[in-house]
Structures are given as C-alpha cells and as structure tokens.
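The structure appears right after this line, and notes come after that.
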Amino acid sequence: MSYFDFHHHKPHLSNGIYNLELFNTAPDFPFSAGIHPKNIVAKNIDQQLQWLKHTISEECFAIGECGLDSLVETDSEVQNHVFLEQIKIANDFKKPIIIHCVRKFYELIPFRKKSNQAMIIHGFNKKKKIAEDLQSNNFHLSFGKAVLYNLSLQNTLKDFPLNKLFLETDDSNFDIAELYQKVSEIKKITSKNLQEQIFINLETIRNG
C-alpha cells in the first residue's frame, strides 16, 4: 500500500492531493483548488470565484487551500467573505475543504456550522488545547514535517483520534514514508494499519 500525501505542491506526485495554484490548469490526478487568503484581490473576487467553479471536476478532491490568515494584507472582512463563498461552493459541489489558518483558529470555528462538508486544517502544528478545541468542533487535522522534531506536537498527536487524522508534506522536500513511520511509532500501531486508516478517513470525508 502506498503512502498518501494529503496536501502537497509537487506536480510530479500523483499519490496524494496536489494543491493547484490559482488560475492554473487542472491536472488529470487528484487535486484541490481554492483561493488562498494571500491571493485574494478585492477587485477581482468574482473572477477568482468563477475560476474555482469552472475548475471543479471529478479529479478535484477538495476545495482549498482557503481560510483565514492574520499575517496577510487582505482585510479580515474580505477574507471572511471569500472563505464563506468557498464554503458555499464546497456545499454545492459536495467537496471537503482544506483549510489554511494562521493565528485565527477561534475565528475559524464559527464557520464550521456553515459547512455541510468535512473541514480539514492542513499543516497543523499548534498547541494541544487548540487541537482539542478543533476536534470538539468536528475538524480534521493534517500533520506535516514538524511532527518529526517537535516534541510538543508529538504529544498532541499521541492523543489525537486516528479517524480525524491526515499526513502531508505540504511544500517541504522530504519522504512522507518517514512521517508515516514516526506517527505509527507515536500511535503505537503498524505503518500498514496507519496507511489503511488514512484511506478510510479519505473515504469518510469524500462522502461528506
């Protein structure tokens, strides 16, 4: 069984979900498409949303990255508007949502009630309390390279439920097999069982 990379930026890698850049052409393997907070252009929002709708196909696994980011220049209200519009698109097309969130996790939580689809926060590397609060609000979390060296994050992962878990390389250049091995050690299960659980989780979020 292969190692599924939940969120990556490598166009040569088909075993996972490729993050399609705004206005690029969709590939013929699983991808996600969305409007990242840093890419929002206030005077161009309608065009960006139209691109997104026209890009969604059978190979489009998820909407994203989209979300909220306190470090980008885009106004918070504009970010909220564009995020909500993408949630509506995800509801219409029945696609899960891959979320980018920076320092706005508690502003993010109320949006959960707006979505009929699974919501997965990618690249999670924050404190255990935030993970627990997100879990209690029915978010999934995708963990990346930080798990390999961050002891606090390893402790968070230890208690995080397997059925809400994904693993990713994001834009880092490392072998995801290493991440699967580390997480299987932390969770005290075999790497094969971890892989099987990830595929079960994928089917769960695909089906709403």
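No chain of hydrophobic side-chain contacts below 4.5 Å, direct or via other Ile, Leu, Val, Met, Phe, Trp or Tyr residues, connects Val72 to Val78. Tracing side-chain contacts under 4.5 Å through hydrophobic residues (I, L, V, M, F, W, Y), one never reaches Leu13 starting from Phe166; they form parts of separate clusters. Linking Ile, Leu, Val, Met, Phe, Trp and Tyr residues whenever their side-chain heavy atoms come within less than 4.5 Å leaves Leu84 and Val102 in two separate clusters. Using a 4.5 Å cut-off between side-chain heavy atoms of Ile, Leu, Val, Met, Phe, Trp and Tyr, with links allowed through other members, Phe93 and Leu49 fall into the same hydrophobic cluster. With hydrophobic clusters built from ILVMFWY side chains whose heavy atoms lie under 4.5 angstrom apart, Ile189 shares a cluster with Val147.
Contact check for Leu134 versus Asn137: no side-chain heavy atoms found under the 4.5 Å cut-off. You'll find the side chain of Lys127 stays beyond 4.5 Å of the side chain of Glu132, heavy atoms only. Between Ile176 and Phe6 the shortest side-chain heavy-atom distance does not fall below 4.5 Å. Within the 4.5 Å cutoff, no side-chain heavy atoms of Ser184 are placed close to those of Asn193. With contacts defined as side-chain heavy-atom distances shorter than 4.5 Å, the pair His122/Asp170 qualifies. Put simply, the side chain of Ile121 does not reach to within 4.5 Å of the side chain of His140, judged on heavy atoms. At least one side-chain heavy atom of Leu165 sits under 4.5 Å from a side-chain heavy atom of Val183. Asp5 has its side chain out of reach of Ile17: every pair of non-hydrogen atoms, C-beta onward, lies at least 4.5 Å apart.
Heavy-atom minimum distance, Leu20 versus Ala26: CD2-CA, 3.9 Å. Contact detail for Arg112 and Ala118: the closest heavy-atom pair is NH2-CA, 4.0 Å. Minimum heavy-atom separation, Leu68 to Phe111: CD1-CE1, 4.0 Å. Across all non-hydrogen atoms, the minimal contact from Lys182 to Leu148 is CB-CD2, 3.8 Å. Contact between Trp51 and Gly34 at its shortest, heavy atoms only, is CZ3-O, 3.9 Å. Here the closest heavy-atom approach between residue Ser76 and residue Lys104 is recorded as OG-NZ, 3.2 Å.
Using bins of under 30°, 30° to 60° and over 60° for the plane-to-plane angle, the ring pair Phe105/Phe124 lands in the perpendicular bin. The aromatic rings of His8 and Tyr18 are tilted relative to each other, their planes meeting at an angle between 30° and 60°. Ring-plane geometry between Phe160 and Phe143 is classed as perpendicular, the angle between the planes exceeding 60 degrees on a 0 to 90 degree scale with a lower cut at 30.
With respect to Thr169, the side chain to side chain donor-acceptor pair (under 3.5 Å) criterion is satisfied by exactly one of His7, Lys10, Glu178: Lys10. Each of Lys95, Lys94, Arg206 was evaluated against Gln117; a single residue qualifies, Lys94, per the side chain to side chain contact (heavy atoms under 4.5 Å, CB included) test.
Listed for the Glu59 side chain is no donor-acceptor partner under 3.5 Å among the backbone atoms of Pro27. Looking only at distances, a side-chain donor or acceptor of Thr74 sits under 3.5 Å from a matching main-chain atom of Pro37. Judged purely by atom type and a 3.5 angstrom limit, Asn91 uses its side chain to pair as donor or acceptor with the backbone of Asn116. Using a distance-only test at 3.5 Å, with no hydrogens or angles considered, a donor-acceptor pair links the side chain of Asn15 to the main chain of Tyr3. Side chain of Gln154 to main chain of Ile186: no donor-acceptor pair is present (N/O by atom type, distance under 3.5 Å, no hydrogens or angles). Proximity of a side-chain donor or acceptor of Gln86 to a complementary backbone N or O of Ile63 within less than 3.5 Å is not detected. Listed for the Lys187 side chain is a donor-acceptor partner under 3.5 Å among the backbone atoms of Leu157. Remark: the backbone N or O of Glu77 is not paired with any side-chain donor or acceptor of His81 at under 3.5 angstrom.
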Take Leu108 and Phe139, measure what side chain to side chain contact (heavy atoms under 4.5 Å, CB included) needs, and give me the verdict at the end.
CA-CA 10 Å; Leu108 175 71; Phe139 286 89; 4.1 Å; yes
Thr55 vs Cys60, test: side chain to side chain contact (heavy atoms under 4.5 Å, CB included). Steps then yes/no.
CA-CA 8 Å; Thr55 301; Cys60 180; over 6 Å; no
Please walk me through it: do Ile89 and Lys53 pass side chain to side chain contact (heavy atoms under 4.5 Å, CB included)?
CA-CA 7 Å; Ile89 291 170; Lys53 291 176 184 176; 3.8 Å; yes
Worked check of side chain to side chain contact (heavy atoms under 4.5 Å, CB included) between Ile99 and Ile120
CA-CA 6 Å; Ile99 297 172; Ile120 308 94; over 6 Å; no
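For an aromatic pair to be called close, the ring centres must be under 6.0 Å apart, and Phe31 with Phe61 fails this.
Between the side chains of Gln197 and Asn201, a donor-acceptor pair is found at a separation under 3.5 Å. For the residue pair Asn138/Lys164, the side-chain donor-acceptor check at 3.5 Å is satisfied. A donor-acceptor contact under 3.5 angstrom links the side chains of Glu168 and Ser142, judged on distance only.
One finds the CD atom of Gln79 at 6.0 Å from the CG atom of Asp69 (value rounded to the nearest 0.5 Å). With values rounded to the nearest 0.5 angstrom, Met119 atom CE is found 11.0 Å from Ile109 atom CD1. Taken to the nearest 0.5 Å, the OG1 atom of Thr204 stands 7.5 Å off from the CG atom of Asn163. With rounding to the nearest 0.5 Å, the separation of CD in Gln48 from NE2 in His36 is 12.5 Å. Here Asn150 contributes atom CG and Thr156 contributes atom OG1; the two are 8.0 Å apart, rounded to the nearest 0.5 Å. Separation of atoms SG (Cys66) and CD (Glu85) is listed at 11.5 Å; rounding is to 0.5 Å.
Between Asp159 and Lys128 there is a salt bridge, with a side-chain nitrogen of the basic residue lying less than 4.0 Å from a carboxylate oxygen of the acidic one. Contact check on Asp92 versus Lys88 returns no salt bridge, with no Lys/Arg side-chain nitrogen under 4.0 Å from an Asp/Glu carboxylate oxygen.
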